[in-house]
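Notes follow the structure.
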Amino acid sequence: MLVNGDMALAHNVVVLDFETTGLSPDNGDRAIEIGAVKIVNGEMVDTFQSLMNPGKKVNTFIEQYTGISNAMLRDAPSCQIVMNQFADFIGDFSLVAHNASFDKKFLDAELDYCQRNYKGQFACSLLLSRRISLDAPNHKLGTLVAYHQLPTEGLFHRALADANMTAHLWLYQLALIQQKAPHVELTFDVINRLSRIPKAKINQYLTTL
DNA sequence: TGCCAGGCCCTCTTTAGGGCCTT
């Protein structure tokens, strides 16, 4: 059974990634693509991907950064249609993203537009990496995928490709924590405490779990 | 005309500044 709240299990999540027109929905930026991977009992069992027409043109930087052109978005379904479908896909699952504060802002904004919401909580693979992969050169998604030798199709900055890589990273991170704390049930509460604990206290926290 | 993100986290810190991440 999937459980909401602090007892939500970290092996049952939806890992998501947005491509957007810019950095902030508060400045009028909108989502242009959503990609997500559903993980159940540690297995990647389903995916969701769709472009969406934001009702405005994307600039040249975004076209080049994502490879998503205005021509591709012209015939895409509206954000409202896509996000309604995505809200159904999420269901009661808790959520994971790389730099989750960014994706949460856009998820909240886009679901507000279509008067939908979600019950799950967020965890962040970036914050977690800063605690458990101290030797990584940096904590960009692409760097971590290469550093940990995780599966990749060589495509970056497209929503489903990035969500897939984040899903592999998330499962790797859970396995790493489980190695250090074999008998601990990895709930969102445990993960999110670990993601925010002072670095000097990480080992102490892991040994006392 | 001029504005233009924000949360996290480190340090030359807390009456602050700047780099890291995401598009």
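Chain letters run A, B, ... following the sequence lines, proteins first, then strands; residues in each count from 1.
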Rounded [atom1] spacing from [N] to [M] in Å:
{"N": "B:dT23", "M": "B:dC4", "atom1": "C1'", "answer": "15 Å"}
{"N": "B:dC12", "M": "B:dA16", "atom1": "C1'", "answer": "11 Å"}
{"N": "B:dT13", "M": "B:dC8", "atom1": "C1'", "answer": "15 Å"}
{"N": "B:dT14", "M": "B:dC9", "atom1": "C1'", "answer": "14 Å"}

Can you check side chain to side chain contact (heavy atoms under 4.5 Å, CB included) on A:Phe122 and A:Leu16, steps first, answer last? CA-CA 10 Å; A:Phe122 258 98; A:Leu16 64 95; 4.1 Å; yes
[X] vs [N]: side-chain N/O to OP1/OP2 distance below 4.0 Å:
{"X": "A:His98", "N": "B:dC21", "value": "no"}
{"X": "A:Arg30", "N": "B:dT23", "value": "no"}
{"X": "A:Lys199", "N": "B:dC10", "value": "yes"}

Would A:Arg30 pass as a cation-pi partner of A:Tyr113, given that its NZ or CZ must be under 6.0 Å from the six-membered ring centre and within 45 degrees of the axis?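 Flagged: A:Arg30 positioned over aromatic ring of A:Tyr113.
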Using whole Å, what does the distance between atom [atom2] of nucleotide [N] and atom [atom1] of [X] come to?
{"X": "A:Leu128", "N": "B:dC21", "atom1": "CG", "atom2": "P", "result": "14 Å"}
{"X": "A:Leu23", "N": "B:dG6", "atom1": "CG", "atom2": "P", "result": "10 Å"}
{"X": "A:Asp162", "N": "B:dC21", "atom1": "CG", "atom2": "P", "result": "15 Å"}
{"X": "A:Phe122", "N": "B:dC8", "atom1": "CZ", "atom2": "C1'", "result": "16 Å"}
{"X": "A:Ile197", "N": "B:dC8", "atom1": "CD1", "atom2": "P", "result": "16 Å"}

A:Phe18 near the nucleic acid: base, sugar-phosphate alone, or nothing, with a heavy-atom cut-off under 4.0 Å?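 Contact class for A:Phe18: sugar-phosphate only.
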Need one value for A:Asn138: base, sugar-phosphate or nothing, where a base atom within 4.0 Å counts as base even if backbone is also close, heavy atoms only.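 The residue A:Asn138 makes sugar-phosphate contact but no base contact.
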Can a side-chain donor-acceptor contact be found between A:Thr20 and A:Asp29 if the only test is distance below 3.5 angstrom?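 The answer is no; no qualifying pair exists.
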For the side chain of [X], starting at C-beta, report the closest nucleotide among [options].
{"X": "A:Asp26", "options": "B:dG6, B:dT23, B:dT22", "answer": "B:dG6"}
{"X": "A:Asn99", "options": "B:dT22, B:dT23, B:dA5", "answer": "B:dT22"}
{"X": "A:Arg130", "options": "B:dG6, B:dC9, B:dT23", "answer": "B:dC9"}
{"X": "A:Ser101", "options": "B:dT23, B:dG7, B:dC4", "answer": "B:dG7"}

Run the side chain to side chain contact (heavy atoms under 4.5 Å, CB included) test on A:Asp17 and A:Thr166 for me, step by step, so that the C-alpha distance in whole Å, both residues' side-chain angles and the decisive distance to 0.1 Å come before the verdict. CA-CA 9 Å; A:Asp17 183 75; A:Thr166 305; 5.6 Å; no
Applying side-chain contact (heavy atoms from CB on, under 4.5 Å) between A:Glu19 and each of A:Ile62, A:Asp162, A:Ile34, report the one that passes.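 Exactly one pass, corresponding to A:Asp162.
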Taking for each residue the nucleotide of DNA chain B bearing the nearest heavy atom, is the 5' side occupied by A:Gly142 or by A:Leu127?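 It is A:Leu127 whose nearest nucleotide is closer to the 5' end.
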Name the residue closer to the 5' end of DNA chain B, choosing between A:Leu141 and A:Arg196 according to the nucleotide with the nearest heavy atom.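 Residue closer to the 5' terminus by nearest nucleotide: A:Arg196.
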